[in-house]
Amino acid sequence: MTNSQYLKAAVDAAHAAGTLLKQNFGRQLDVHKFEAHDIKLDLDVRSQELITGILLERFPDHAIYGEEGIAGKQDSPFQWIVDPIDGTVNFFYGIPHFCISIALRHEGKMILGVIFDPMRNELWEVEDGGQARLNGQPVRVSPRARLSDAVLSVGFAKSKASINTGLPMFEKMVVRVRKCRLMGSAALDLAYVATGRLDAYIESSVNLWDVAAGKLLVEAAGGCCELTPHPDQPDKLAIIATNGVLDLNVD
Ligand code: IPD
Ligand code: CA
Ligand code: CA
């Protein structure tokens with residue numbers, strides 16, 4: 001099996017899920033759960049089932065690790081990391097800014113990533129050691145080095161604790177950068193950093209499925225992406241992604 005077969009499978013799965021999401025955008029949706037700062041849709045699960053079906057049909061020995069659960073052979077050296085809708089709250093409110101994020105890890109190393117925004121028909125793809133591409137064309141991070149020129153996306157996760165950690169960070173940065181944005185999709189934030197639309201993205205608590213594909217993209221596009229596991233919750237990660245020249249360390 002070659003890496004390009006894995007990449008093709010990820011692209012096919014992202015396209016199939018994108019079609020499902022687009023068909024359902026703006027429609028009445030079944031809600032599994034409303035939380036204070038989150039919503040869980042039946043469509044999150046359906047999108048992951050569709051992706052899982054495509055990937056496991058081609059690679060029945062692989063493992064799936066997704067936001068909506070695990071599947072396949074969990075002892076496989078190949079693990080697909082799936083966020084079937086990144087930006088579910090946007091989706092539910094009719095805000096056309098969300099995506100599908102799929103990455104593949106082999107023996108602990110991320111080897112490819114795909115992020116697909118079905119509303120704009122924008123598909124980012126990257127293989128370890130290769131170029132970051134948007135709809136087939138190479139992309140690069142922005143050259144902006146001054147904070148005062150930068151547009152920074154800040155994410156706020158779902159828990160009160162993560163909001164409380166994120167707020168002082170936001171307060172500090174909002175007065176220093178040209179603009180702060182809260183876009184609502186961690187994976188698209190990373191894809192936008194990789195494309196030079198955003199200069200940086202920070203969030204105090206994300207999950208691997210939010211950022212696995214995007215980290216690879218940002219790095220392949222010339223940027224930096226630092227993930228720091230929380231000491232008490234190692235599956236929660238603080239993330240700082242930049243174009244590689246912007247210094248976010250300010251007093
Ligand atoms: C969320 C989005 C959001 C980020 C949250 C994520 P979801 O993912 O990426 O931008 O701030 O931390 O959990 O729940 O829409 O898949
Ligand atoms: Ca997500
Ligand atoms: Ca999700």
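All ligand and atom numbering here is 1-based and tracks the order in the structure.
Only one option out of Phe34, Phe25, Phe98 pairs with Phe92 in a ring-ring contact (aromatic ring centres under 6.0 Å, His included); it is Phe34.
Checked by distance only, ligand 1 and Val206 stay at 3.5 Å or farther apart across all their nitrogen or oxygen atoms. Taking distance alone, with nitrogen or oxygen atoms compared against 3.5 Å, Gly87 approaches ligand 1 more closely than that limit. For ligand 1, the polar-atom distance check against Ile85 finds a nitrogen or oxygen pair separated by under 3.5 Å. At a 3.5 angstrom cut-off on N or O pairs, Phe156 counts as close to ligand 1.
More than 12 heavy atoms of other residues, nucleotides or ligands sit less than 6.0 Å from atom CD of Glu35. More than 12 heavy atoms of other residues, nucleotides or ligands shown are found within 6.0 angstrom of CZ on Arg120.
Closest approach between the Ca ion (ligand 3) and any N/O/S atom of Glu67 involves OE1. Closest N/O/S atom of Asp210 to the Ca ion (ligand 2): OD1. Of all N/O/S atoms in Asp83, OD2 sits nearest the Ca ion (ligand 2). Residue-level check: among N/O/S atoms of Asp86, OD1 sits closest to the Ca ion (ligand 2).
In terms of modelled atom types and a separation under 3.5 Å, the side chain of Ser153 and the main chain of Tyr201 share no donor-acceptor contact.
The side-chain heavy atoms of Val154 and Met173, taken from C-beta on, include no pair separated by under 4.5 Å.
Annotation for ligand 1: atoms under 4.0 Å from non-hydrogen atoms of Glu203 are 4 (C), 5 (C), 11 (O), 12 (O). Each of the following atoms of ligand 1 lies closer than 4.0 Å to a heavy atom of Asp83: 16 (O). Heavy-atom contacts of Ala186 reach the following atoms of ligand 1: 2 (C), 9 (O), 10 (O) (cutoff under 4.0 Å). The distance from ligand 1 to the heavy atoms of Ser185 drops below 4.0 Å at these ligand atoms: 9 (O), 10 (O).
In this structure, Tyr6 and Phe59 have perpendicular ring planes: the angle between them is above 60°, well past the 30° mark.
Under 3.0 Å from the Ca ion (ligand 3) lies no N/O/S atom of Pro84, from backbone or side chain alike.
Residues forming a salt bridge (Lys or Arg N to Asp or Glu O under 4.0 Å) with Glu127 (at least two apart in sequence, or on another chain): none.
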